[in-house]
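Here is the structure we will look at.
All of these numbers come straight from a predicted model, not from anything done at the bench.
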Amino acid sequence: VDTIRFLIDPAFADDGSGQWEISPESPLPTVGDPLVISAAEVWDVDDDRPGIHMTGDSGDGFVFGAGSTGSFLQGLEVSGFARGVMVMADGITIGTDCDVAFDARERNVIYDSSVFDIRIEEASETLVRGNYLGVRSDGVTAESLSGSEAVSIFGAEADDNTIGYVEGTSGVCSLELQRNIIGAAGDVSGIRIESGAPNIEDGDALLAPDNVRVSGNHIGIGVDGAS
């Protein structure tokens with residue numbers, strides 16, 4: 001598995017806030033092989049937030065396509081894209097991997113997406129945990145565009161996906177580390193699970209995602225449990 005890490009040359013100063021901003025001039029390439037994208041080692045310790053901020057201009061952010069099974073996206077702040085993260089391959093981890101190393105710094109902060117912060121489309125066994133979605137890096141300030149959704153799980157093949165806490169893992173990775181903080185604007189969904197089939201309301205379960213687990217998250221509530 002290849003790895004992309006953000007090791008910034010000390011000669012390049014940050015903006016004074018402890019964070020570096022990267023604004024791609026062209027769309028990011030679709031990930032087509034197993035890949036670890038991690039900025040956990042560049043964490044802004046003073047403000048307890050990602051040290052790398054990827055900003056977009058209406059296009060897609062990180063796209064995990066065919067062949068990228070086993071990939072990870074960790075420790076990044078992502079804003080301004082239409083879809084912050086697109087998952088179209090099985091077995092992708094967004095957020096902490098609970099392997100003890102850097103777990104608390106593997107949180108992604110994804111907001112200001114015009115359509116979805118995270119879209120899981122016809123993909124299974126995705127793990128989304130320990131992220132701030134639709135909120136700023138403080139975990140309490142809502143920051144989502146009207147009409148956008150934090151998490152969208154779509155399609156009959158989008159089975160066995162987990163949003164939040166994985167049962168039986170608290171001994172090595174606490175519920176707090178695995179919890180997603182999820183906000184959304186207006187009357188749209190924080191999490192939407194749906195099928196594109198026109199007759200799903202008639203009760204054909206084969207057309208809908210199966211075995212999707214949503215557990216231990218704060219939805220519409222800040223990291224403090226009150227805001």
Distance (rounded to the nearest 0.5 Å) between I181 CD1 and H218 NE2: 5.5 Å
Does the side chain of F116 come within less than 4.5 Å of V151's, by heavy atoms? no
Could you tell me whether the side chain of F102 reaches within less than 4.5 Å of the side chain of E41, counting heavy atoms only? yes
Min side-chain heavy-atom separation D159-V212 under 4.5 Å: no
P50 versus W43: any side-chain heavy-atom pair under 4.5 Å? yes
Kindly state each residue pair satisfying salt bridge (Lys or Arg N to Asp or Glu O under 4.0 Å) with at least one member in residues 52-67, sequence neighbours excluded. D60-R83
Shared hydrophobic cluster, L76 / W20 (ILVMFWY, side-chain heavy atoms < 4.5 Å): yes
To the nearest 0.5 Å, how far apart are CD1 in I193 and CD1 in I153? 4.5 Å
Common cluster, V42/I37, ILVMFWY with side-chain heavy-atom separation under 4.5 Å: yes
F81 side chain near S114 side chain, heavy-atom distance below 4.5 Å: no
Shared hydrophobic cluster for V128 and V78 (ILVMFWY, side-chain gaps under 4.5 Å): yes
Hey, any chance V172 and L175 share a hydrophobic cluster, counting ILVMFWY side chains that come within less than 4.5 Å of each other, even indirectly? no
Determine, stepwise, if the pair I94 / L127 fulfils side-chain contact (heavy atoms from CB on, under 4.5 Å). CA-CA 6 Å; I94 310 298; L127 201 53; over 6 Å; no
Output for pair (I120 CD1, F64 CZ), nearest 0.5 Å, gives 11.5 Å
Can you measure from CG (N108) to CD1 (I110) and round to the nearest 0.5 angstrom? 5.0 Å
Check for me, please, whether I182 and L177 land in the same ILVMFWY cluster - side-chain distances under 4.5 Å, paths through other members count. no
Looking only at heavy atoms, which two atoms of D138 and Y132 are closest? And how far apart? C-CE1, 4.2 Å
Report yes if the side chains of F62 and V31 come closer than 4.5 Å at any heavy-atom pair, otherwise no. no
By side chain to side chain contact (heavy atoms under 4.5 Å, CB included), which residues pair with E125, not counting sequence neighbours? D160
Between I52 and A39, which heavy-atom pair has the shortest distance, and what is it? CG1-CB, 3.9 Å
Should R49 and V109 count as side-chain neighbours, where that means a heavy-atom distance under 4.5 Å? no
Smallest heavy-atom separation, S71 atom then L35 atom, equals OG-N, 2.9 Å
Considering residues at least two apart in sequence or located in another chain, which fulfil the side chain to side chain contact (heavy atoms under 4.5 Å, CB included) criterion with V36? V1, T3, S38, F72, Q74
Partner of N180 under side-chain contact (heavy atoms from CB on, under 4.5 Å), chosen from I191, I163, V135: I163
Side chains of F6 and I22, heavy atoms from C-beta outward: is any pair under 4.5 Å? yes
Spell out, as yes or no, whether a donor-acceptor pair under 3.5 Å connects the side chain of E194 to the backbone of F154. no
Distance-only check: which donor-acceptor pairs under 3.5 Å involve side-chain atoms of residues 84-93, not counting sequence neighbours?
unit_1, atom_1, unit_2, atom_2, d
D90, OD1, S124, N, 2.8
D90, OD1, S124, OG, 3.1
D90, OD2, S124, OG, 3.4

Inter- and intrachain pairs under salt bridge (Lys or Arg N to Asp or Glu O under 4.0 Å), touching residues 92-109, at least two apart: D48-R107
Considering all heavy atoms of both residues, which atom of T69 and which atom of P34 are nearest to each other, and what is their separation? O-CG, 3.4 Å
With sequence neighbours excluded, tell me which residues meet side chain to side chain contact (heavy atoms under 4.5 Å, CB included) with H53. Q19, E21, T55, E77, S79, Y111
Correct closest heavy-atom pair for D117 and L133 would be OD2-C, 3.8 Å
Counting N and O atoms only, with roles assigned by atom type, does the side chain of R179 sit under 3.5 Å from a partner on the main chain of G130, one being a donor and the other an acceptor? no
Would you compute the distance between atom CD1 of I118 and atom CG of N131 and round it to the nearest 0.5 angstrom? 5.5 Å
Going through the distances and angles, do E149 and R119 end up as a salt bridge (charged side-chain N to carboxylate O under 4.0 Å, His left out)? CA-CA 9 Å; E149 296 175 348; R119 168 80 159 185; 5.9 Å; no
Please find the pair of heavy atoms, one from C98 and one from Q178, that lie closest to each other, and give the distance. SG-CG, 3.8 Å
What distance do N161 atom CG and T126 atom OG1 have between them, rounded to the nearest 0.5 Å? 4.0 Å
